[in-house]
Amino acid sequence: MRIDIITVLPELLKSPFEASILKRAIEAHLVEVHFHNLRDYTSDNYKSVDDTQFGGGAGMVMMIEPIDKCISALKAKRTYDEVIYMTPDGDTLKQGMANHLSLKKNIIILCGHYKGVDQRVRDHFITREISIGDYVLSGGELAAAVLCDAIIRLIPGVLGNETSALTDSFQDNLLAPPIYTKPREYKGMKVPELLFSGNFPEIEKWREEQAYQITKEKRPDLLED
Ligand code: ADE
């Protein structure tokens with residue numbers, strides 16, 4: 001998989017890809033992540049990427065030309081499955097969407113800034129608009145990093161234990177069951193006895209029941225879909 005991220009602040013985005021699982025995925029060539037600074041696609045001396053709104057109103061708007069130039073340069077080299085725009089008014093990111101995107105070959109992610117982008121960018125270049133939640137960030141970069149993390153960890157081979165992504169919370173519209181490790185007892189706090197029984201079908205059944213109960217308690221909305 002290849003991810004091209006278009007941003008005015010590449011330095012804000014890079015560090016999540018330089019540590020831990022994402023770094024290892026890149027080093028193992030399971031994913032390529034490329035950053036494109038929108039200012040490299042500007043045509044004036046000031047390297048302007050934004051301007052005031054037509055019709056008046058507070059806040060600057062990202063201009064269509066540098067975005068078009070950058071997307072066109074990328075599209076001239078390969079075909080893209082999706083051109084995603086990170087925006088608080090997009091579709092809310094859910095596990096199912098991450099699963100779906102993890103199967104794509106090439107995607108572009110455009111990070112918004114200021115008031116947002118000229119509507120013509122959204123109408124003509126963007127295939128999908130994604131929000132990471134109902135709150136406003138100062139730019140799309142942190143949202144793009146969240147999206148990339150959610151996608152990349154699902155690519156086969158990225159997680160050490162192939163099954164571990166499948167047992168994450170949300171994978172069956174259920175939250176994850178409780179987990180325990182050593183010591184068996186800590187300051188009087190005990191691990192459920194069943195987990196030492198060696199009866200794996202019973203343990204599995206217990207985990208499923210726990211996942212259901214926890215979901216019912218914390219996120220009953222997940223059981224409604
Ligand atoms: N840009 C600003 N806020 C955002 C959000 N909540 N999700 C995605 N992109 C954003």
Side-chain angles (χ1 to χ4, degrees), residues 1-19 21-22 25 31 33-42 47-54 57-71 74 80-104 106-155 168-170 218-219 221-222 225:
M1 176 178 214
R2 177 184 168 114
I3 305 176
D4 286 281
I5 307 179
I6 304 172
T7 166
V8 289
L9 280 173
E11 62 279 15
L12 181 59
L13 247 177
K14 285 186 176 162
S15 68
F17 299 91
E18 289 166 358
I21 289 174
L22 299 191
V31 63
V33 182
H34 299 270
F35 302 95
H36 306 278
N37 191 334
L38 207 48
R39 293 192 198 281
D40 296 339
Y41 298 84
T42 50
K47 296 189 180 291
S48 319
V49 292
D50 60 324
D51 211 326
T52 52
Q53 275 189 62
F54 281 137
M60 304 293 272
V61 179
M62 286 171 75
M63 294 187 291
I64 190 169
E65 189 184 353
I67 296 172
D68 177 27
K69 281 187 174 157
C70 184
I71 292 177
L74 290 170
Y80 284 89
D81 302 298
E82 298 276 5
V83 183
I84 297 166
Y85 174 49
M86 301 310 299
T87 175
D89 59 2
D91 295 330
T92 307
L93 177 62
K94 298 270 170 63
Q95 190 61 43
M97 201 191 282
N99 292 349
H100 177 80
L101 292 172
S102 73
L103 302 172
K104 303 288 181 192
N106 299 317
I107 63 176
I108 292 173
I109 302 176
L110 172 64
C111 303
H113 253 271
Y114 319 108
K115 270 271 163 209
V117 297
D118 187 304
Q119 184 61 36
R120 291 168 291 183
V121 170
R122 300 173 71 157
D123 293 344
H124 299 283
F125 304 140
I126 299 299
T127 61
R128 193 183 270 266
E129 300 184 331
I130 299 180
S131 162
I132 63 161
D134 289 344
Y135 40 83
V136 179
L137 302 168
S138 46
E141 282 74 13
L142 297 178
V146 167
L147 175 64
C148 287
D149 186 295
I151 293 173
I152 292 170
R153 62 190 295 285
L154 296 170
I155 297 171
D168 285 342
S169 279
F170 302 111
K218 294 187 181 171
R219 293 290 308 275
D221 58 298
L222 292 176
D225 304 342

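First listed ligand is number 1; within each ligand, the first listed atom is number 1. Since we're looking at a predicted model, the values are computed, not measured. No hydrogens, no waters, no symmetry mates; every other heavy atom, side chains included, goes into these values.
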In this structure, does ligand 1 have an atom that sits under 4.0 Å from one of the heavy atoms of I130?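 Judged by the 4.0 Å heavy-atom criterion, I130 does count as contacting ligand 1.
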Please determine whether any non-hydrogen atom of G139 lies less than 4.0 Å from an atom of ligand 1. yes
Report the distance from atom [atom1] of [X] to atom [atom2] of [Y], rounding to the nearest 0.5 Å.
X    : Y   : atom1 : atom2 : answer
I6   : F35 : CD1   : CZ    : 12.5 Å
E141 : L9  : CD    : CG    : 5.0 Å
L38  : K69 : CG    : NZ    : 10.5 Å

Take L101 and L147 through the test side chain to side chain contact (heavy atoms under 4.5 Å, CB included) and record every step on the way to the result. CA-CA 10 Å; L101 292 172; L147 175 64; 4.1 Å; yes
Taking only heavy atoms of G133 into account, list the atoms of ligand 1 that are under 4.0 Å away from them.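 Heavy-atom distances to G133 below 4.0 Å select 6 (N).
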Between E129 and T87: side-chain donor-acceptor atoms closer than 3.5 Å: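 Note: E129 and T87 side chains miss the donor-acceptor criterion.
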D68 to F125 - nearest heavy-atom pair and separation: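 Closest approach of D68 to F125, heavy atoms only: OD1-CZ, 3.5 Å.
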H100 and E82: which non-hydrogen atoms are nearest, and at how many Å? NE2-OE2, 4.4 Å
Among all protein heavy atoms, pick the one closest to [atom] and tell me residue, atom and distance.
atom                    : value
atom 10 (C) of ligand 1 : P88 CD, 3.6 Å
atom 6 (N) of ligand 1  : Y135 O, 2.8 Å
atom 9 (N) of ligand 1  : T87 N, 3.2 Å
atom 7 (N) of ligand 1  : I132 N, 3.0 Å

Taking non-hydrogen atoms only, is A143 closer than 4.0 angstrom to ligand 1 via side chain, backbone, both or neither? side chain
If you measure from each non-hydrogen atom of D134 to ligand 1, which part falls under 4.0 Å: side chain, backbone, both or neither?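 Within the 4.0 Å criterion, D134 makes no contact with ligand 1.
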I want to know if ligand 1 touches L137 in the polar sense, i.e. an N/O pair below 3.5 angstrom.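 Indeed, backbone or side chain, L137 has an N or O that close.
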